[in-house]
Structures are given as C-alpha cells and as structure tokens.
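Take a look at the structure below.
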Amino acid sequence: MAMDLNAKAAYIRGLMTGMEFDADSKNGKVIAAMMDLLEEMAATVTEHDDALDQVYDELETLDQDLDDVVSDIYGDDEEDDDEDEEDHGALYEVTCPNCGEISTLDEETLMDPEGDLVCPHCGATFDIELEGTEEDSAEETDKQDQ
C-alpha cells in the first residue's frame, strides 16, 4: 500500500510537470503546496509501514521465544503426568477359561467385587481367583515350615 501512495504522488507530480503547471499563480501556489504535503504524507506512511513490518517480525520472534520458554518450563510436566498415569494403573493379563484368549485388564476392573469379567473375544462371563503376591507366598511358606 505504501509504495502505491509514493507511486501515485509521483504520477500526480509528473502530470503537473507535463501540463506546464504555473506554480506562481494563486491557484498554482495552493495546488503546489498540496502536492508537497501529499508527497510528505506518502513518505511518512511508507516509513510507518516499514516500521510496522519490523515490529511484526520482532513480535513473531518474541512469540516463538516465549513458546520455547513455555515448553521448556512446562514440557517436562506433561511427561511426568504420563508417567504418573502409568504408575497408578497397573495392567494384568487374564486368560479366558472358555476360549483361551488373553485379555488385559486394569486393577480397578479386576478388583471390582460386584462385576463379573466378560471376555471381549467370545463374550463368556467368568470369575477369577486372585493369587497372593510373592511376599504372601513367602509368609505362607514360613508358616508351613514352623
């Protein structure tokens, strides 16, 4: 836009020169002063437009830098959240007694006392018996040895 203004001002100045415009007449003095003002305004608008382009470029750079800072500060938190989710939800493999397919269940589903397990492969409903942990097995073995 700014270059268009300078080009238009130069075109009007060229018309004035080509018409053998008399800048010494009363009307000529007013029109010449208006032409000078128009050229100054076009130059000022061009300077402001260039400065605005520079500000936009610097703002874009600052925005990118801020994004980098935010990802550096908060980026690790997202990874920690993923690790926390993995730690809280232990998964167990259960073999269906009907079809023999292995399904993966979370601890909450597995420990639900009212919910029967349903095989996603064959649709059979079944219960499971939970075996003790290794520590429980060691304690039972110690009790049997005594």
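Values below: every heavy atom of this structure, side chains too, minus hydrogens, waters and symmetry copies. Quantities reported herein were computed from a predicted structural model and do not represent experimental measurements.
Rounded to the nearest 0.5 Å, atoms CG (Asp22) and NZ (Lys29) are 9.5 Å apart. In this structure, Leu66 CG and Ser71 OG are separated by 9.5 Å, a value rounded to the nearest 0.5 Å. In this structure, OH in Tyr56 is found 14.5 Å from OG1 in Thr61, a value given to the nearest 0.5 Å. The CD atom of Gln54 lies 12.5 Å from the CG atom of Leu59; values are rounded to the nearest 0.5 Å. In this structure, OG1 on Thr17 lies 9.0 Å from CE on Met35, to the nearest 0.5 angstrom.
Between His121 and Ile102 the shortest heavy-atom distance is NE2-O, 3.8 Å. Here the shortest heavy-atom pairing between Gly100 and Thr95 reads O-CG2, 3.6 Å. Of all heavy-atom pairs spanning Ile31 and Met16, the tightest one is CG2-CE, 4.2 Å. Contact detail for Cys122 and Asn98: the closest heavy-atom pair is SG-ND2, 3.3 Å. Shortest non-hydrogen contact noted between Ala9 and Glu39 is CB-CG, 4.0 Å. Across every non-hydrogen atom of Ser25 and Gly28, the tightest pair is OG-N, 3.0 Å.
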Worksheet item: Given the rule in the side-chain contact (heavy atoms from CB on, under 4.5 Å) test, do Leu117 and Leu105 qualify, once you have shown the distances and angles that lead to the verdict?
Response: CA-CA 9 Å; Leu117 298 177; Leu105 302 173; 3.8 Å; yes

Item to complete: Run the numbers on Thr104 and Tyr92 for side-chain contact (heavy atoms from CB on, under 4.5 Å), then give the verdict.
Response: CA-CA 5 Å; Thr104 305; Tyr92 300 93; over 6 Å; no

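Note: the hydrophobic cluster containing Leu62 does not contain Val69 (ILVMFWY, side chain heavy atoms under 4.5 Å, direct or indirect links). Note: the hydrophobic cluster containing Ile12 does not contain Leu5 (ILVMFWY, side chain heavy atoms under 4.5 Å, direct or indirect links).
For the side chain to side chain contact (heavy atoms under 4.5 Å, CB included) criterion with Met34, the lone passing option out of Leu38, Leu37, Val30, Asp36 is Val30.
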